[in-house]
Amino acid sequence: MQTSNDLKTLLSRIDRRSYPAYKDTRGTYQFPGYVLSIDHVQGDPFASPSKVSIHVDGRQAGFPKELYRLPCQRIALQDELTRRFGKQANQASFQAKGSGHSGLISISRCGQEVLERTACRLNPNTGGLILRLEVGFPANGRTINARELEKILFDLLPRCVENTLFYRNLNPAHLQAIADLAEDQQYIRDALPQMGLCAFVADGSILPRASGVSSLPMKEAVPFRSPQELSVTLDLPHRGKLTGMGIRQGVTLIVGGGYHGKSTLLKALELGVYNHIAGDGREYVITDESAVKIRSEDGRSIRRTDISMFINDLPNGKNTTAFTTEDASGSTSQAANVVEAMEAGTSLLLIDEDTSATNFMVRDELMQRVIHRDMEPITPFIDRVRELYEVHGISTILVAGSSGAYFHVADSILQMDRYVPKDITALAKQEAAAFPVSATSLLTALLPSFKRCPTPSPEFRGDRIKLKSLGRDGVSINRETIDLRYVEQLRDGEQSAALGYAMVYAQQHLMDGRHTLRQIAAELEALLDEKGLESLCGGRSGVPFLARPRTQELFACFNRYRDLQL
């Protein structure tokens with residue numbers, strides 16, 4: 001390892017040379033209190049910025065172990081340090097001048113959710129920190145401006161590090177509150193199945209967002225209040241007693257007029273699989289961590305998926321126990337989404353009538369009289385929703401605004417009235433009794449087959465694989481784009497990037513035609529638990545910004561990959 005003085009000498013030597021001479025700076029340098037590592041140097045000032053990392057020894061960082069005793073606390077602390085460094089970096093960015101990206105200092109941009117990221121990683125054993133960032137190495141045209149880089153590395157960056165990565169310079173009470181919130185959130189998540197619940201929404205939560213393009217809480221929004229019939233009280237380790245609505249396992253229907261908050265509640269539940277930062281308004285909206293939002297997805301590809309639970313006896317004779325198509329219809333895509341969620345191990349389905357295929361969700365009695373059941377290959381979701389719960393232990397929360405068909409099969413019925421929930425189960429059941437439905441004698445469906453064993457594509461031999469994140473819309477691998485626009489629980493483009501790296505890793509190391517997708521996903525999860533997101537990158541110089549997706553999104557990405565060899 002070299003010293004910071006060595007770096008200064010080197011910068012003086014390469015000043016005003018052509019830009020590629022910056023490559024000489026790659027290496028590690030000891031600075032007071034931390035190690036600076038220049039991991040990857042950009043090719044020119046207009047290329048993607050250089051990748052730099054800061055390494056702080058556990059004794060220097062000084063964070064008490066009680067702040068990261070639990071994995072959820074460690075992730076919350078990493079998230080807070082990333083946010084703090086990001087604010088400092090924004091102030092310091094472009095104070096050094098030059099062409100292209102010269103002077104840029106940037107790190108992951110965190111949203112309202114608390115995600116595990118490569119941007120900041122704390123070693124739970126030693127307390128040591130690694131913080132990864134991007135720096136635009138300054139140039140005039142394509143000529144090195146080493147004096148401006150010296151300003152960044154010896155003035156601006158040390159200030160950012162000093163103000164964010166050392167416990168002695170931070171507010172202990174604030175950090176303790178973050179750790180306590182994370183532990184309370186995990187306590188609720190762990191308590192849900194023990195209480196027979198699949199979700200919890202605390203009284204006083206702010207569910208509406210500022211706008212369709214902002215995830216900040218809406219000002220002057222109506223605070224959430226649980227109906228008395230569904231009210232439960234939890235005794236949290238730090239917050240103490242907290243009262244809110246407990247949504248019971250089974251089938252829950254959310255109804256109400258337009259713009260009264262049905263979809264807003266469902267959206268909050270959909271994102272309740274993640275912890276949220278203090279002040280978000282949804283800190284104590286906690287959903288079963290395996291919950292999957294289900295919708296129709298016209299045009300998606302389906303690979304050898306057993307959708308016979310819902311679709312059978314197609315007129316063209318196509319096999320629905322290993323259904324394959326490049327251009328799925330609304331009903332076949334939604335059927336596949338349900339079965340794939342089962343394969344991914346979900347215990348809760350979240351469905352909004354507005355984004356569902358009508359013929360998949362329900363067939364009214366008049367239609368059944370005109371078009372006999374024997375002529376309809378689709379078994380609608382309404383005929384399987386009880387079975388999903390009673391046989392497979394999978395609950396459903398469904399938003400409906402135009403059809404009362406689900407009143408008969410729901411265990412609980414909530415009406416949203418001006419963003420205030422009311423339990424109308426008894427009233428709805430009484431009214432439904434006046435509209436009896438014809439008894440159906442469906443046989444219990446066979447458990448779908450989950451024995452799909454992918455083989456590696458020839459394109460993944462060697463190391464020259466082009467991978468590009470498209471934000472939350474998807475990821476491009478070589479010439480194939482994986483469309484993730486309708487995987488609605490993805491919250492960050494860095495999660496999409498991580499999914500891309502996971503696809504490549506699985507192709508190169510795990511797919512052999514003998515392991516099922518379930519086994520491959522389990523091996524990927526074990527790898528991430530043990531070695532972190534960095535392990536997906538194959539030892540490349542300069543670890544990219546990645547955020548950890550859930551197992552459910554991992555399956556969703558596999559299932560939308562048109563080049564997957566099954």
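Count residues from 1 along the sequence. All figures in this text were calculated on a predicted structure; none of them were measured in a lab.
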Exercise. Listed by chain and number, what are the salt bridge (Lys or Arg N to Asp or Glu O under 4.0 Å) partners of Glu183, not counting sequence neighbours?
Worked result: Arg69
Exercise. What residues form a salt bridge (Lys or Arg N to Asp or Glu O under 4.0 Å) with Glu390, not counting sequence neighbours?
Worked result: Arg386
Seminar exercise, completed: Across all chains, not counting sequence neighbours, the side chain to side chain donor-acceptor pair (under 3.5 Å) partners of Arg295 are Glu488
For this session: Using salt bridge (Lys or Arg N to Asp or Glu O under 4.0 Å) as the criterion, list what pairs up with Arg225, not counting sequence neighbours.
Result: none
Exercise. Just checking, is any N or O donor in the side chain of Gln112 or Ser215 under 3.5 Å from an acceptor N or O on the other one?
Worked result: no
Problem set entry | Pair listing, salt bridge (charged side-chain N to carboxylate O under 4.0 Å, His left out) test, anchored in residues 199-214, at least two apart | Arg209-Asp280
Seminar exercise, completed: ring-ring contact (aromatic ring centres under 6.0 Å, His included) filter on Tyr505, not counting sequence neighbours, yields His509
Hey, can you pull the donor-acceptor pairs under 3.5 Å for the side chains in residues 241-249, sequence neighbours left out?
residue, atom, partner, partner atom, Å
Thr243, OG1, Thr233, OG1, 2.9
Arg248, NH2, Glu229, O, 3.1

Problem set entry | Summary of salt bridge (charged side-chain N to carboxylate O under 4.0 Å, His left out) pairs that have at least one residue in residues 255-275, sequence neighbours excluded | Lys267-Glu270, Glu270-Lys293
Seminar exercise, completed: Taken in chain and number order and not counting sequence neighbours, the residues that satisfy side chain to side chain donor-acceptor pair (under 3.5 Å) with Glu553 are Arg550
For this session: Go through the structure and list residues passing ring-ring contact (aromatic ring centres under 6.0 Å, His included) with Phe310, not counting sequence neighbours.
Result: Phe360
For this session: Using the salt bridge (charged side-chain N to carboxylate O under 4.0 Å, His left out) rule, pick out the option among Asp492, Asp79, Asp529 that qualifies with Arg548.
Result: Asp529
Problem set entry | Under the side chain to side chain donor-acceptor pair (under 3.5 Å) test, residues paired with Arg485 that sit two or more places apart | Asp483
Seminar exercise, completed: Residue set satisfying side chain to side chain donor-acceptor pair (under 3.5 Å) with Asp473, at least two apart, ordered chain then number -> none
